There are 2 protein chains.
Amino acid sequence: MNQEIQIQDVSMEKFFEKYEAKFKALADKKRLQIMNILTQKGEMCVCDLAPLMEMAQSKLSYHLKILLDANIISKETRGTWSYYQINQDEINHMLSHELCCVFKPSC
Amino acid sequence: MNQEIQIQDVSMEKFFEKYEAKFKALADKKRLQIMNILTQKGEMCVCDLAPLMEMAQSKLSYHLKILLDANIISKETRGTWSYYQINQDEINHMLSHELCCVFKPSC
DNA sequence: TTTTTTAATCAAATATTTTTGATTAAAAAC
DNA sequence: GTTTTTAATCAAAAATATTTGATTAAAAAA
């Protein structure tokens, strides 16, 4: 209990809410698969990811938004295309080293 | 991609399903708070945890079961009492060192 | 033995999340 | 300029998860 965040109950409440949202984003096998693909491929647009995931575009966009809102992935728009990539820092701060090979390209 | 688990798509599927369940268990602020209390107190029975969480017994048992099924906590029954404690190993294998102070008593 | 305490489970109600198909807006291609 | 491609968003439907209050079973206390 030596971090600022955890000094008071009010802060703890905020902390738990923050991680609730982050873990919620991770709590779906399709989203974990998306993360795994983005880790391997480095960067992908929705139009290439959709057939790979065998997922309708609107459904994929829904899941990408959840990961994006949780700061687990990031987006770069070029022209009409949206390119998504994994947010390596966020993964490192959340997950154990043991999960590295799935969500870290360096493994 | 150097772990057995990740050699084939079939294995990956299982792997993602396993972690979906685990992250789902973590994806609730009340459950994170339960985990935090168990980390601090070491061991607690439902009857002591319920007033601390300001939660009805049936509701608390529901949340404890989710954590138990995900192997995040474990249970020991003595008499009519059920004592729950955090599963330190599981936490270590899942979460980053940075989350240690919340869910590891050693921090 | 009877009563009380403990905690799991159940079914119904409620709330939340996900899926689906359609619409929209913007940029690219023609 | 018109058509096509790309991807976000929307609203309704479907699927899941959570809450609630009651019931149950087992052990403890009286």
Side-chain angles (χ1 to χ4, degrees), chain A residues 13 16-35 37-38 41-87, chain B residues 13 16-35 37-38 41-87:
Chain A
E13 176 76 17
F16 292 140
E17 274 170 21
K18 174 180 159 183
Y19 279 94
E20 171 181 77
K22 287 187 188 296
F23 288 129
K24 234 171 219 168
L26 294 175
D28 183 281
K29 64 181 174 180
K30 288 293 173 191
R31 291 196 289 268
L32 291 174
Q33 200 189 337
I34 291 169
M35 287 167 62
I37 290 171
L38 293 180
K41 304 270 177 179
E43 185 186 66
M44 284 200 96
C45 65
V46 179
C47 57
D48 288 342
L49 195 51
L52 206 60
M53 288 295 301
E54 301 181 76
M55 208 181 253
Q57 176 267 315
S58 70
K59 191 170 165 177
L60 177 57
S61 283
Y62 167 78
H63 286 292
L64 287 170
K65 187 171 177 4
I66 285 171
L67 290 170
L68 190 67
D69 289 348
N71 198 38
I72 289 166
I73 60 174
S74 53
K75 177 169 76 161
E76 199 189 317
T77 302
R78 297 203 289 276
T80 10
W81 290 267
S82 284
Y83 294 90
Y84 285 89
Q85 58 180 256
I86 200 103
N87 238 346
Chain B
E13 176 77 17
F16 292 140
E17 274 170 21
K18 174 180 160 184
Y19 280 94
E20 172 180 76
K22 287 187 188 295
F23 288 130
K24 234 171 220 168
L26 295 175
D28 182 282
K29 63 182 176 181
K30 288 291 172 189
R31 291 196 289 268
L32 292 174
Q33 201 190 336
I34 291 169
M35 289 166 62
I37 289 171
L38 292 179
K41 305 269 178 178
E43 186 186 64
M44 284 200 96
C45 66
V46 179
C47 58
D48 288 342
L49 196 50
L52 206 60
M53 288 295 302
E54 301 180 76
M55 209 182 253
Q57 177 268 315
S58 69
K59 190 170 165 177
L60 178 56
S61 283
Y62 168 79
H63 286 292
L64 287 170
K65 186 169 177 7
I66 286 171
L67 290 170
L68 189 68
D69 289 348
N71 198 39
I72 288 166
I73 61 174
S74 52
K75 177 169 77 161
E76 199 189 317
T77 303
R78 296 202 289 276
T80 8
W81 291 267
S82 284
Y83 294 91
Y84 286 89
Q85 58 179 265
I86 200 104
N87 237 347

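Below, read A as the first sequence line, B as the second, and so on, with proteins coming before strands; counting in each chain starts at 1. These numbers come from a predicted model, not from an experiment. Just so it is clear, the values below take in all heavy atoms, side chains as well, and ignore hydrogens, waters and symmetry mates.
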- request: Decide salt bridge (Lys or Arg N to Asp or Glu O under 4.0 Å) for B/Glu17 and B/Lys22; before the verdict, give the C-alpha distance in whole Å, the side-chain angles of both, and the deciding distance to 0.1 Å.
  value: CA-CA 9 Å; B/Glu17 274 170 21; B/Lys22 287 187 188 295; over 6 Å; no

- prompt: Should B/Phe23 and A/Leu32 be marked as a side-chain contact (heavy atoms from CB on, under 4.5 Å) after you check the CA-CA gap, both sets of side-chain angles, and the distance that decides it?
  reply: CA-CA 10 Å; B/Phe23 288 130; A/Leu32 291 174; 4.1 Å; yes

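If you check every strand for non-hydrogen atoms under 4.0 Å, B/Ile66 touches sugar and phosphate atoms only. Counting any heavy atom pair closer than 4.0 Å across all strands shown, B/Ser61 reaches a base atom. A/Lys75 comes within 4.0 angstrom of sugar-phosphate atoms only, judged by non-hydrogen atoms across all strands, and of no base.
Here A/Ser58 does not reach the OP1 or OP2 of D/dC10: none of its side-chain N or O atoms lies under 4.0 Å away. Phosphate contact (OP1/OP2 of C/dT6, side-chain N/O of B/Arg78, threshold under 4.0 Å): absent. Taking 4.0 angstrom as the limit, B/Tyr62 places none of its side-chain polar atoms (N or O) nearer than this to OP1 or OP2 of C/dA11. OP1 and OP2 of D/dA8 both lie 4.0 Å or more from every side-chain N or O belonging to A/Lys65. In this structure, B/His63 reaches the D/dT19 phosphate: one of its side-chain N or O atoms is under 4.0 Å from OP1 or OP2.
A heavy-atom distance below 4.5 Å is found between the side chains of B/Ile34 and B/Leu60.
Between A/Glu20 and B/Arg31 no salt bridge is recorded (no basic side-chain N to carboxylate O distance below 4.0 Å).
In this structure, CG of A/Leu49 is placed 11 Å from P of D/dA8, rounded to the nearest angstrom.
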